[in-house]
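Report on the following structure.
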Amino acid sequence: MSRFFTTGPVTSIEDLRVLAERRVPRMFYDYADSGSYSESTYRANEDDFSQIKLRQRVAVDMTNRTLASTMVGQPVSMPVALAPTGLTGMQHADGEILAARAAAKAGVPFTLSTMSICSIEDVAENTDAPFWFQLYVMRDRNFIDRLIDRAKAAQCSALVLTLDLQILGQRHKDVKNGLSTPPRMTIPNIINLATKPRWCLNMLRTQRRTFRNIVGHAQGVGDLRSLSSWTAEQFDPRLNWDDVKRIRDRWGGKLILKGILDPEDAELAAQSGAEAMIVSNHGGRQLDGAISSIAALPAIVETVGDRIEVLMDGGIRSGQDVIKALALGAHGVFIGRAFLYGLGAGGEAGVTQCLDIIRKELDVTMAMCGLRDVRQVDERILAGRPALANRPF
């Protein structure tokens, strides 16, 4: 058992979530663990996995199992990547650097968000393994071009272009908490921070407390006050498929399109020249009432076939969720909240614990389904076609 755990053995991602809730200030915990409006899609992302049942097989050779696979042509120790998540460095000081290190040690990709606390350069200078970079399209296209060039200079091995944040879905908890980076020193925030001494001490030891990919790089953004107004205005509602082509051409490397939820958009993604797409509803943080990612997955896989690699995120909280997504056609998955819980619970060691939990659950479940190689997982391991309540017509 890792030293940072003091409440008994940690056996699941839920255990990490409970620890993170205790240790991370309320506004940043709520930022990670919430959805937009009524949060119905946020809940469906998790709940719909429970409707998918597995076939248990017996008296088969379970020796010499392997979880090794590839994601976008990159060898991985298991088909799991760390998703891009904003404000990761507010779950734990230097959070992006710590998560990238844990991912590298585990042999899985790490994806840095545009809205990260640690910059592209911070992560590149403090880690050894190449990482992926996630790009939001802003109105300031010169800034976007410079971000792409900075990711190239840092030798990022793939660009993840997010398509589903042209406008920002309202997250009620963020509004009520007065979310800001760093937190405003209101009386409720001061009281809450006083109960999180470990978090506060770690934050005092770092200079990384704002959006370092933006401050000092975007025109007119030199401090926190100007940053707030800039981000409120910058997400670009004009984003279209011509922009995807322009970004693909400037990047020139492997491109992953994130935020595909509809078969018609999947077809356009397959025609775009991108290497992969991520079936995603932004963790239920954008269009509340949209279908879950796992419900959307089969129709998208059927639409695009093998013309583009299909990945997915949303609701992955266990190795069993991973294998269910693979069975429905995903080539790999991304985890977001799961690793954030680990980070908030115990920094780099907590992310490692998260990945270890998922790896063990994936391995044991695969064996009990009668398989020894994760690349052989398909719909045959399912106990019938899942009747997901919100499956698209």
Side-chain angles (χ1 to χ4, degrees), residues 71-74 81 83-86 109 111-116 120 131-169 213-214 217-218 231 233-283 285-287 290 293 296-297 299-314 330-332 334 336:
M71 293 180 71
V72 201
Q74 177 175 321
T85 55
T111 316
L112 181 70
S113 171
T114 292
M115 306 305 291
S116 59
I120 298 170
F131 56 95
W132 298 349
F133 180 68
Q134 174 270 336
L135 182 71
Y136 284 123
V137 178
M138 308 291 192
R139 294 177 186 268
D140 184 347
R141 298 305 170 87
N142 289 329
F143 169 69
I144 293 304
D145 288 346
R146 291 194 299 274
L147 264 181
I148 294 171
D149 294 344
R150 288 166 60 196
K152 283 185 185 180
Q155 299 184 327
C156 294
S157 51
L159 185 72
V160 178
L161 175 58
T162 294
L163 300 177
D164 62 353
L165 201 77
Q166 293 171 264
I167 58 175
L168 189 65
N213 281 327
I214 299 173
H217 295 282
T231 53
E233 299 168 354
Q234 275 296 316
F235 290 111
D236 195 345
R238 301 168 300 175
L239 171 63
N240 58 63
W241 290 100
D242 288 337
D243 293 315
V244 174
K245 181 181 184 301
R246 190 186 76 84
I247 290 168
R248 183 198 69 198
D249 292 344
R250 186 176 187 95
W251 169 246
K254 294 178 180 178
L255 179 65
I256 305 168
L257 302 180
K258 182 177 184 289
I260 305 298
L261 206 62
D262 185 274
E264 290 186 24
D265 289 333
E267 178 61 39
L268 294 171
Q271 297 172 14
S272 71
E275 280 72 21
M277 71 171 74
I278 305 174
V279 178
S280 172
N281 54 33
H282 216 96
R285 295 164 64 79
Q286 283 295 94
L287 176 60
S293 296
L297 178 63
I300 288 176
V301 171
E302 184 176 352
T303 297
V304 302
D306 59 2
R307 289 179 292 151
I308 184 172
E309 186 169 307
V310 178
L311 310 167
M312 71 84 65
D313 75 10
H331 191 80
F334 286 73

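The first residue of the sequence shown is numbered 1, and numbering continues consecutively from there.
- The local environment of CD in Q271 is crowded, with over 12 non-hydrogen atoms from other residues, nucleotides or ligands closer than 6.0 Å.
- Within the 4.5 Å cutoff, the side chain of K258 has heavy atoms near those of the D313 side chain.
- Counting heavy atoms of neighbouring residues, nucleotides and ligands inside a 6.0 Å radius, atom CG of D249 exceeds 12 of them.
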- Please lay out, stage by stage, how I300 and M277 fare under the test side-chain contact (heavy atoms from CB on, under 4.5 Å). CA-CA 10 Å; I300 288 176; M277 71 171 74; 3.8 Å; yes
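- In this structure, L311 and A276 approach most closely via the heavy-atom pair CD1-CB, 4.2 Å.
- No donor-acceptor pair under 3.5 Å is formed between the side chain of T162 and the backbone N or O of D164.
- The shortest heavy-atom contact between M71 and A81 is CE-CB, 3.8 Å.
- Screening L161, L268, V137 for a side chain to side chain contact (heavy atoms under 4.5 Å, CB included) with V244, the sole residue that qualifies is L161.
- Residues forming a side-chain contact (heavy atoms from CB on, under 4.5 Å) with A270 (at least two apart in sequence, or on another chain): V304, R307, I308.
- The side-chain hydrogen bond (donor to acceptor under 3.5 Å, both in side chains) check on R141 picks up D236, D243, with sequence neighbours excluded.
- Shown here are the side-chain hydrogen bond (donor to acceptor under 3.5 Å, both in side chains) partners of T303, two or more places apart in sequence or in another chain: there are none.
- Annotation: side chain of F133 is in contact with side chain of L147 (closest heavy-atom distance under 4.5 Å).
- Taking all atoms of both residues into account, the shortest heavy-atom contact from A269 to L257 is CB-CD1, 3.9 Å.
- Without hydrogens or angle criteria, E309 side chain to V72 main chain gives a donor-acceptor distance under 3.5 Å.
- Residue F334 comes nearest to T111 through the heavy atom pair CE2-OG1, 3.7 Å, listed as atom of the first residue, atom of the second, then distance.
- Using a 4.5 Å heavy-atom cutoff, the side chains of I148 and I247 are in contact.
- Scored by the side-chain hydrogen bond (donor to acceptor under 3.5 Å, both in side chains) test, Q286 finds R171 as partners (sequence neighbours excluded).
- Residues forming a side-chain contact (heavy atoms from CB on, under 4.5 Å) with R248 (at least two apart in sequence, or on another chain): K245, L255.
- To the nearest 0.5 Å, the span separating OG1 on T114 from CG on L135 amounts to 5.0 Å.
- In this structure, the side chains of F131 and I120 come closer than 4.5 Å at one or more pairs of heavy atoms.
- Judged by distance alone, the side chain of D262 and the main-chain N or O of I260 form no donor-acceptor pair under 3.5 Å.
- V279 approaches A296 most closely through the heavy-atom pair CG1-CB, 4.1 Å.
- Distance check, rounded to the nearest 0.5 Å: CD of E267 to OG of S272 gives 10.5 Å.
- The salt bridge (charged side-chain N to carboxylate O under 4.0 Å, His left out) contacts involving residues 143-156 comprise E121-R150, D145-R246, D145-R250, D149-R250, where partners must be two or more places apart or lie in separate chains.
- Judged as a side-chain contact (heavy atoms from CB on, under 4.5 Å), and not counting sequence neighbours, the contacts of D140 are N142, F143, Q219, Q234.
- Shown here for C156 and W251, the closest heavy-atom pair between the two residues is O-CH2, 3.5 Å.
- To the nearest 0.5 angstrom, S280 atom OG is 8.0 Å from M312 atom CE.
- Checked against side-chain contact (heavy atoms from CB on, under 4.5 Å), I167 has the following partners two or more places apart in sequence or in another chain: P237.
- Listed for the Q166 side chain is a donor-acceptor partner under 3.5 Å among the backbone atoms of L239.
- Counting only distance, with no hydrogens or angles, the side chain of N213 and the backbone of S113 share a donor-acceptor pair below 3.5 Å.
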- Stepwise side-chain contact (heavy atoms from CB on, under 4.5 Å) check, M138 with I144: CA-CA 7 Å; M138 308 291 192; I144 293 304; 3.6 Å; yes
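- The CG atom of L163 sits 10.0 Å away from the CD1 atom of I278 when rounded to the nearest 0.5 Å.
- Under the side-chain hydrogen bond (donor to acceptor under 3.5 Å, both in side chains) criterion, Q74 pairs with W132, sequence neighbours left out.
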